[in-house]
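To start, the structure itself, in structure tokens.
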Amino acid sequence: MSFKSKTEQSTRSFVSKKWTFLLCLSCFCAGILFTNRMVAVPESKAIMRITAVEAEKLKLISEGCNLKAKGEKHVSKDIIGEVFKTHHAIQTLDKTISNLEMELAAARAAQESLHGGSPLSEDVSRVGSSRKRKYLMVIGINTAFSSRKRRDSVRATWMPQGEKRKKLEDEKGIIVRFVIGHSATSGGILDRAIEAEDKKHGDFLRLDHVEGYLELSAKTKIYFATAVALWDADFYVKVDDDVHVNIATLGETLVRHRKKPRVYIGCMKSGPVLSQKGVRYHEPEHWKFGETGNKYFRHATGQLYAISKDLASYISINRHVLHKYANEDVSLGSWFIGLDVEHIDDRRLCCGTPPDCEWKAQAGNICVASFDWTCSGICRSADRIKEVHRRCGEGETALWSATF
């Protein structure tokens, strides 16, 4: 073979190897590039798919939390609603129980009167019908067997009589009665005298109670228990039979406190606790009030005071466990110690007799009640109450024109 032929063959072989190497390298690079693209795209798509799944899960969890919160909020509203309903039901039940207790108290009062042999007043016999009517106030005038002249003087001045008294009840919602129990000898001459007087005037409330000066605390307790059983009123008033009262002014005073459930209205005082025996207003249980020389807690003076229905009901329900002190006004004040009671100190309920009440009336500040402190009532009231009425009375037209 010639030298030229060998050279051409060698050149073709070298070219072929060179191009083959380049071709292989190109293929290798192309393969790597293609492989990277193929791998990168699925991974990206996978990440996107994972992210979408996670987002969906978060969305579901979020919605679930919102639904749970909404559900809890709805349940919370339902619970609060049920609590209010339950509270209202309890209040209604308490009121029903209180009314039933009052009816029971009335039945017991009637039964005790029959068993005790004391006269059953006409008011007690018609308890069922009277409970249907709502009254403004019941005025109980505390009196005794020996006070016939005082009663007649009250009838002749500030206490309406006959048809006027009935009109006072029907149109103004005001009940006025003399309050008295029976004598130690039931059915004796004293009781027969009261029965005859009641038959003539029809203005007594007879209690199942034995009269006596040292039993005034017990009498006060029985009065409120009996009155609240007989009449459904906003207020229950106690007044002595030697005190002058302007009924219209009293009514206008009380209606200002009508929306207060437990109110105690009077001339508040805090007198000394008298430990010395033999003196008037001696307190046998003085040791309960601390050292000698101490004073009583604040309480209304006994000549006239008023309490709301809730307090009268409280006395009626708990009368068997309420302690009695020597003085009636102190006893009443002690029954409200520890209770949520609002004390109203109104000095118009304890004006003096003329010229005091007269000056106040001329100034436009008419008194509710007038009496002499030195006598714990109007001195010689049977003789002087007419003068007090003339000079300090509100006038008959004031009562009939008043709106409560």
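We count residues from 1, following the sequence as given.
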Worksheet, complete the sentence: Minimal heavy-atom distance between T143 and S147, with the atoms involved, is OG1-CB, 3.5 Å

Worksheet, complete the sentence: Closest heavy-atom pair, A398 versus E394, reported as atoms and distance to 0.1 Å, is CB-O, 3.6 Å

Discussion item. Contact between V179 and L207 at the side-chain level, heavy atoms closer than 4.5 Å - yes or no?
Written reply: yes

Worksheet item: Is NZ or CZ of R298 both nearer than 6.0 Å to the six-membered ring centre of Y296 and within 45° of the ring axis?
Response: no

Worksheet item: S308 and Y314: side chain to side chain donor-acceptor pair (under 3.5 Å), yes or no, with the steps?
Response: CA-CA 10 Å; S308 57; Y314 172 81; over 6 Å; no

Worksheet item: Hey, what do you get for C357 versus C392: SG atoms under 2.5 Å apart or not?
Response: yes

Worksheet item: Less than 4.0 Å between a side-chain N and a carboxylate O, is that true for E285 and K324?
Response: no

Worksheet, complete the sentence: When every non-hydrogen atom of R280 is compared with those of L274, the smallest separation belongs to O-CD1, 3.2 Å

Item to complete: Report yes if some heavy atom in the side chain of V368 is under 4.5 Å from a heavy atom in the side chain of T253; otherwise report no.
Response: yes

Worksheet item: Testing F336, Y264, Y305 for ring-ring contact (aromatic ring centres under 6.0 Å, His included) with H343, which one passes?
Response: Y264

Practice prompt. May I ask you to decide whether D203 forms a salt bridge with R155, counting only side-chain N to carboxylate O separations under 4.0 Å?
Written response: yes

Discussion item. Which heavy atom of E328 sits nearest to which heavy atom of G302, and what is that distance?
Written reply: OE1-CA, 4.2 Å

Worksheet, complete the sentence: In R151, R206, R192, the residue satisfying salt bridge (charged side-chain N to carboxylate O under 4.0 Å, His left out) with E197 is R151

Practice prompt. Using a strict cut-off of less than 4.0 Å between a Lys/Arg side-chain nitrogen and an Asp/Glu carboxylate oxygen, indicate whether E169 and R177 qualify as a salt bridge.
Written response: yes

Discussion item. Could you report the tightest heavy-atom contact between G266 and L349, atom names first, then the distance?
Written reply: CA-CD2, 3.8 Å

Worksheet entry | Face-on cation placement of K167 at W400 ring, 6.0 Å and 45° thresholds | yes

Worksheet, complete the sentence: Sorted by chain and number, sequence neighbours left out, salt bridge (charged side-chain N to carboxylate O under 4.0 Å, His left out) with D310 holds for none

Worksheet item: If you count the non-hydrogen atoms of other residues, nucleotides and ligands that lie under 6.0 Å from NZ in K260, is the total more than 12?
Response: yes

Discussion item. Tell me whether D198 is salt-bridged to K200, with the criterion being a basic N under 4.0 Å from an acidic carboxylate O.
Written reply: no

Discussion item. Pair E342, R262 - check salt bridge (charged side-chain N to carboxylate O under 4.0 Å, His left out), show working.
Written reply: CA-CA 6 Å; E342 182 175 354; R262 294 170 300 279; over 6 Å; no

Worksheet item: Is the F224 to Y236 ring centre distance short of 6.0 Å?
Response: no

Fill in: Verdict with reasoning, D170 to K172, per salt bridge (charged side-chain N to carboxylate O under 4.0 Å, His left out)
CA-CA 6 Å; D170 296 338; K172 305 299 181 182; over 6 Å; no

Discussion item. Just to verify, which of Q362, H244, E358 counts as forming a side-chain hydrogen bond (donor to acceptor under 3.5 Å, both in side chains) with R391?
Written reply: E358

Discussion item. Check this for me: W359, atom CH2, are more than 12 non-hydrogen atoms of other residues, nucleotides or ligands nearer than 6.0 Å?
Written reply: no

Practice prompt. Apply salt bridge (charged side-chain N to carboxylate O under 4.0 Å, His left out) to the pair R150 and D152, showing each step before the final yes or no.
Written response: CA-CA 5 Å; R150 286 185 179 181; D152 286 339; over 6 Å; no

